[in-house]
Participant: 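Dropping the structure in here first, questions after.
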Amino acid sequence: MREFAAVIGSTLILSLAALAAAPAHAQFARPQDAVKYRQSAMTLMAAHFGRLAAVARGAAPNDPAQVKENAHVLQMLASLPWSAYGPGMQGGDSKSNIWSNPADFKHKREVLQTHIAALSAAADAGDIAKLRAAVGAVGASCKACHDAYRK
Ligand code: ASC
């Protein structure tokens, strides 16, 4: 029974991964659905990043278990918005230059994800100095992309 559950579980995870990798136009019926999806993901990213930033600046207690959980959730969330910037998915607060600079947009996304991976590693290690540095780097990469591509 446990094996059966494991097979169902891994099948579900593989299906979700395949879905996340499918082209955006196959996933969103209308551009406004894509806008809502990416805004929802970023709202959640801001909530979890905000909790980590509060710990980094000493405004919230450093509870290592909560820090780890927030970092892991943030890392997972940071994989989500990008499929919702597919062809024809303009709208919301996005500037249209996202669609004319796909290579730079992708680069900025990868920089963000690299810094979030470092943040997650710092959280796993319980290293507050590295966490502070990573929070700064993640915040700077949020800002770099927003400055270039958000209205
Ligand atoms: C947040 C949030 C952002 C980033 C950015 C960091 O929590 O909502 O857009 O951090 O302010 O510079």
Side-chain angles (χ1 to χ4, degrees), residues 9 12-28 30-151:
L12 189 64
I13 287 167
L14 286 175
S15 314
L16 287 173
L19 200 62
H25 56 82
Q27 299 175 54
F28 302 105
R30 303 167 305 170
Q32 61 263 41
D33 296 338
V35 171
K36 191 170 179 187
Y37 181 95
R38 65 200 187 216
Q39 288 183 344
S40 303
M42 284 195 234
T43 296
L44 292 174
M45 287 166 71
H48 290 275
F49 179 61
R51 293 172 199 174
L52 292 160
V55 172
R57 67 174 183 271
N62 179 11
D63 175 332
Q66 278 185 13
V67 165
K68 264 190 222 182
E69 188 178 334
N70 280 315
H72 295 169
V73 170
L74 177 65
Q75 192 168 15
M76 188 279 286
L77 290 170
S79 71
L80 295 179
W82 323 112
S83 73
Y85 290 95
M89 300 289 156
Q90 284 91 334
D93 294 335
S94 299
K95 287 191 193 165
S96 58
N97 60 352
I98 288 175
W99 285 267
S100 50
N101 296 298
D104 183 63
F105 187 65
K106 183 165 186 271
H107 171 73
K108 286 182 164 54
R109 173 242 283 196
E110 287 168 354
V111 169
L112 171 72
Q113 288 177 311
T114 299
H115 290 312
I116 288 178
L119 194 159
S120 196
D124 285 341
D127 186 327
I128 187 73
K130 282 193 177 145
L131 187 83
R132 282 200 187 99
V135 162
V138 169
S141 33
C142 296
K143 186 174 186 306
C145 204
H146 290 160
D147 287 352
Y149 296 118
R150 185 172 67 173
K151 280 179 193 162

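Computed over heavy atoms, backbone and side chain alike; hydrogens, waters and symmetry mates excluded.
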Participant: Name all pairs fulfilling the ring-ring contact (aromatic ring centres under 6.0 Å, His included) condition that reach into residues 124-144, sequence neighbours left out, sorted by first residue then second.
Facilitator: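 Not a single pair qualifies under ring-ring contact (aromatic ring centres under 6.0 Å, His included).
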Participant: List the atom pairs, with distances to 0.1 Å, where a side-chain N or O of residues 118-125 and a protein N or O form a donor-acceptor pair under 3.5 Å, not counting sequence neighbours.
Facilitator:
unit_1 : atom_1 : unit_2 : atom_2 : d
Ser120 : OG     : Gln75  : OE1    : 2.9
Asp124 : OD1    : His72  : NE2    : 2.8

Participant: Tell me every residue that passes side chain to side chain donor-acceptor pair (under 3.5 Å) with Lys130, counting only those two or more places apart in sequence or in another chain.
Facilitator: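 Counting only residues at least two positions away or on another chain, Lys130 forms no side chain to side chain donor-acceptor pair (under 3.5 Å).
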Participant: What residue pairs, at least two apart or across chains, pass salt bridge (Lys or Arg N to Asp or Glu O under 4.0 Å) with a residue in residues 108-117?
Facilitator: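 Counting only pairs at least two positions apart or across chains, the salt bridge (Lys or Arg N to Asp or Glu O under 4.0 Å) contacts touching residues 108-117 are Asp104-Lys108, Lys106-Glu110.
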Participant: With a 3.5 Å cut-off and sequence neighbours excluded, list the donor-acceptor pairs that the side chains of residues 30-37 form with protein atoms.
Facilitator:
unit_1 : atom_1 : unit_2 : atom_2 : d
Arg30  : NE     : Asp33  : OD1    : 3.4
Arg30  : NE     : Asp33  : OD2    : 3.3
Arg30  : NH2    : Asp33  : OD1    : 2.8
Asp33  : OD2    : Arg30  : N      : 3.3

Participant: When rounded to the nearest 0.5 angstrom, what is the spacing between CE in Met42 and CG in Leu77?
Facilitator: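 So the gap between those two atoms works out to 11.0 Å.
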Participant: Quick one: side chains of residues 88-97, donor-acceptor pairs under 3.5 Å with protein atoms, not counting sequence neighbours, listed by atom name and distance.
Facilitator:
unit_1 : atom_1 : unit_2 : atom_2 : d
Ser94  : OG     : Arg38  : NH2    : 3.2
Asn97  : ND2    : Ala148 : O      : 3.1

Participant: Determine which pairs satisfy side-chain hydrogen bond (donor to acceptor under 3.5 Å, both in side chains) with at least one residue from residues 131-145, sequence neighbours left out, and list them in order.
Facilitator: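 Applying side-chain hydrogen bond (donor to acceptor under 3.5 Å, both in side chains) to every pair that reaches into residues 131-145, excluding sequence neighbours, yields Lys143-Asp147.
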Participant: Does anything in residues 112-151 pair up under ring-ring contact (aromatic ring centres under 6.0 Å, His included), and if so which pairs, sequence neighbours excluded?
Facilitator: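 Listed by first then second residue: Phe105-Tyr149.
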Participant: Just to verify, what does Lys68 make a salt bridge (charged side-chain N to carboxylate O under 4.0 Å, His left out) with, not counting sequence neighbours?
Facilitator: none
Participant: Do you know the tightest heavy-atom contact between Trp82 and Ala78?
Facilitator: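 Distance-wise, the nearest heavy atoms are NE1-O, 2.5 Å.
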Participant: Mind listing the side-chain donor-acceptor pairs of residues 44-57 below 3.5 Å, one per line with the distance, residues two or more places apart or on another chain?
Facilitator:
unit_1 : atom_1 : unit_2 : atom_2 : d
His48  : ND1    : Asn70  : OD1    : 2.9

Participant: Given side chains that start at C-beta, do those of Phe28 and Ser83 come closer than 4.5 Å, heavy atoms only?
Facilitator: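 Yes, at least one pair of side-chain atoms sits under 4.5 Å.
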Participant: With Glu69, which residues qualify under salt bridge (charged side-chain N to carboxylate O under 4.0 Å, His left out), at least two apart?
Facilitator: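 Counting only residues at least two positions away or on another chain, Glu69 forms no salt bridge (charged side-chain N to carboxylate O under 4.0 Å, His left out).
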